[in-house]
Amino acid sequence: MKNPIIEFKNFSWKYENAQDFSLKNINLKIFEGDIIGVVGANEQGKTTLLRCLNGLIPFNWRGTLKGGVRIFGKDILQGSIEEFSKKVGFVFSDPDSQFTSTSVEEEILFGLENLNLPIDEIKTRLKWAIEEFELEGFLSKPPYELSGGQRQRVAIASVVVMKPYVLVLDEPTSMLDPDGKSEIFEILKKLAGEENLTLIIAEHNLTELLKIAERIIHIDKNEIVYDGDVQRFVDEFDYENLQIYMPEVSQVFWHLKKQKNIPFLLEDAVGKFQK
Ligand SMILES: Nc1ncnc2c1ncn2[C@@H]1O[C@H](COP(=O)(O)OP(=O)(O)OP(=O)(O)O)[C@@H](O)[C@H]1O
Ligand SMILES: [Mg+2]
C-alpha cells in the first residue's frame, strides 16, 4: 500500500470565535494522483477542510485543533505555510482575490520569481504556462480586462507554474457561466493527466466535477459522511438535498426510478418528464 501524501487523524477544528467545531473527527488519507471532489451543502466545512491542506489552518486562522494532519510526512504544527504551499497550491473561487499584478505575464511571473529559480528555468516555465493555458493573446493585458473563465485560467496558471504536487481549488467555477465552467474543468483534466497533479476540488455543482473526479468526499454537518468512488456516491445520494446540484441525467434517472405509475401513453410520459 502506498503512503498517503496528506493524512488527517482524528482531526477536529474550531475557529476561535465560533460556537462549534467546523470539522469533527476527520480521518482521511489522500494519495498521489487522487482526483477528489469535496462536496457538501453551504457551511458544512468544505472550505475549512481545504484550508488545512496547506497550513492556512492553523497558521492564518486562530482556533482549537485536536488530532493531527501530516502533509508530505510533516506534522502540520511543525511546518509553515511557506513550506506547505510549495507542495500544495491553492486556487480560490474568486480569481481577482488572488491577483497582485497589472498584467497577465507579471501575474504568472510573480510566484516564480519568489522561488529563486535560475532565469532559464523561469523562461521555460513561463513559455510552458503560456502554451498550456493558451494565454498568448493577452499577456500584456491587466487581468480585470479578461472574461471570468480567462481570469480563472490565469489564476490557475500562476499557481501551477510553481509546480506544486497537489492543486487545491475551492469552488473554482462558482463565478463562471456554463462555458467558463467546462473550460476550467477541461484544463484541470489535462493537468491531472499530463502533469500527474493530485487534484482536490470543492464544488456545489457536480455536473462538470463528476466528469473528472475519481473519488468523492461528502461533508455534512462538519463531518465526512461519504468517502469513496463516484458511482456509489451517485447511486446512494439523497436527491431531495437540493443544495448539491447533481447532473441533470442523474436527476432524471432518480425521478424515473421513483415513479409508481408507469406511463403507457406518450403524452403522459412526456408530462412526467416535464415535472
Ligand atoms: N473564519 C471563520 N471564523 C468562524 N467560523 C467560521 C470561519 N470560517 C468558517 N466558519 C464556520 O465554519 C463552518 C464551515 O464553514 P465552511 O466555510 O468551511 O463551509 P463550506 O462548506 O465551505 O460552505 P460554502 O459552501 O458556503 O462555501 C460554518 O459554520 C462557518 O460559519
Ligand atoms: Mg466554502
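One-based numbering, in listed order, for ligands and for the atoms of each.
Between Y165 and F72, the angle of the ring planes lies from 30° to 60°, which puts this pair in the tilted group. In this structure, F90 and F92 have tilted ring planes: the angle between them lies in the 30° to 60° band. Aromatic ring pairs are classed by plane angle as parallel below 30°, tilted from 30° to 60° and perpendicular above 60°; the pair F237 and F233 is tilted.
In terms of modelled atom types and a separation under 3.5 Å, the side chain of D268 and the main chain of L265 share no donor-acceptor contact. Here the side chain of N25 pairs no donor or acceptor atom with the backbone of N27 at under 3.5 angstrom. The closest donor-acceptor contact from the side chain of S158 to the backbone of I108 lies at 3.5 Å or more, if one exists at all.
No side-chain N or O of H204 forms a donor-acceptor pair with one of Q243 less than 3.5 Å apart.
Heavy atoms of I219 found under 4.0 angstrom from ligand 1: none, in either backbone or side chain. With a heavy-atom cut-off of 4.0 Å, R51 touches ligand 1 through its side chain alone. Contacts with ligand 1 closer than 4.0 Å are made by side-chain heavy atoms of E171 only, the backbone lying farther away.
S22 OG, 3.5 Å is the protein heavy atom nearest to atom 11 (C) of ligand 1. The protein heavy-atom contact nearest to atom 30 (C) of ligand 1 is E43 OE1, 3.9 Å. Remark: minimum distance from atom 3 (N) of ligand 1 to any protein heavy atom is reached at N17 OD1, 3.2 Å. Closest to atom 16 (P) of ligand 1 among all protein heavy atoms lies T48 OG1, 3.6 Å. Nearest protein heavy-atom contact of atom 9 (C) of ligand 1 is Y15 CE1, 3.4 Å. Looking at atom 25 (O) of ligand 1, its nearest protein heavy atom turns out to be K46 NZ, 2.7 Å. Of the protein's non-hydrogen atoms, the one nearest atom 1 (N) of ligand 1 is W61 NE1, 3.2 Å.
For the Mg ion (ligand 2), the N/O/S atoms of N42 include none lying under 2.8 Å.
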Item to check | Pair E131-K127, salt bridge (Lys or Arg N to Asp or Glu O under 4.0 Å): steps then yes or no | outcome: CA-CA 6 Å; E131 280 167 19; K127 186 164 172 281; 3.7 Å; yes
Item to check | Full working for side-chain hydrogen bond (donor to acceptor under 3.5 Å, both in side chains) between N196 and E32 | outcome: CA-CA 8 Å; N196 195 31; E32 190 187 331; 3.2 Å; yes
Item to check | Verdict with reasoning, E186 to K190, per salt bridge (Lys or Arg N to Asp or Glu O under 4.0 Å) | outcome: CA-CA 6 Å; E186 285 288 319; K190 204 164 126 196; over 6 Å; no
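Atom CG of N261 has 12 or fewer heavy atoms from other residues, nucleotides or ligands within 6.0 Å.
When each atom of ligand 1 is checked for a heavy atom of T47 under 4.0 Å away, the hits are 17 (O), 18 (O), 20 (P), 22 (O), 27 (O). Within ligand 1, the atoms closer than 4.0 Å to a non-hydrogen atom of Q44 are 19 (O), 20 (P), 21 (O), numbered from 1 in the order shown.
Ligand 1 has G45 within reach: a non-hydrogen atom of the residue lies less than 4.0 Å from it. Contact annotation: A41 has at least one heavy atom less than 4.0 Å from an atom of ligand 1. Contact annotation: H204 has at least one heavy atom less than 4.0 Å from an atom of ligand 1.
Distances from atom 26 (O) of ligand 1 to the heavy atoms of N42, N60, V39 show the closest one on N42.
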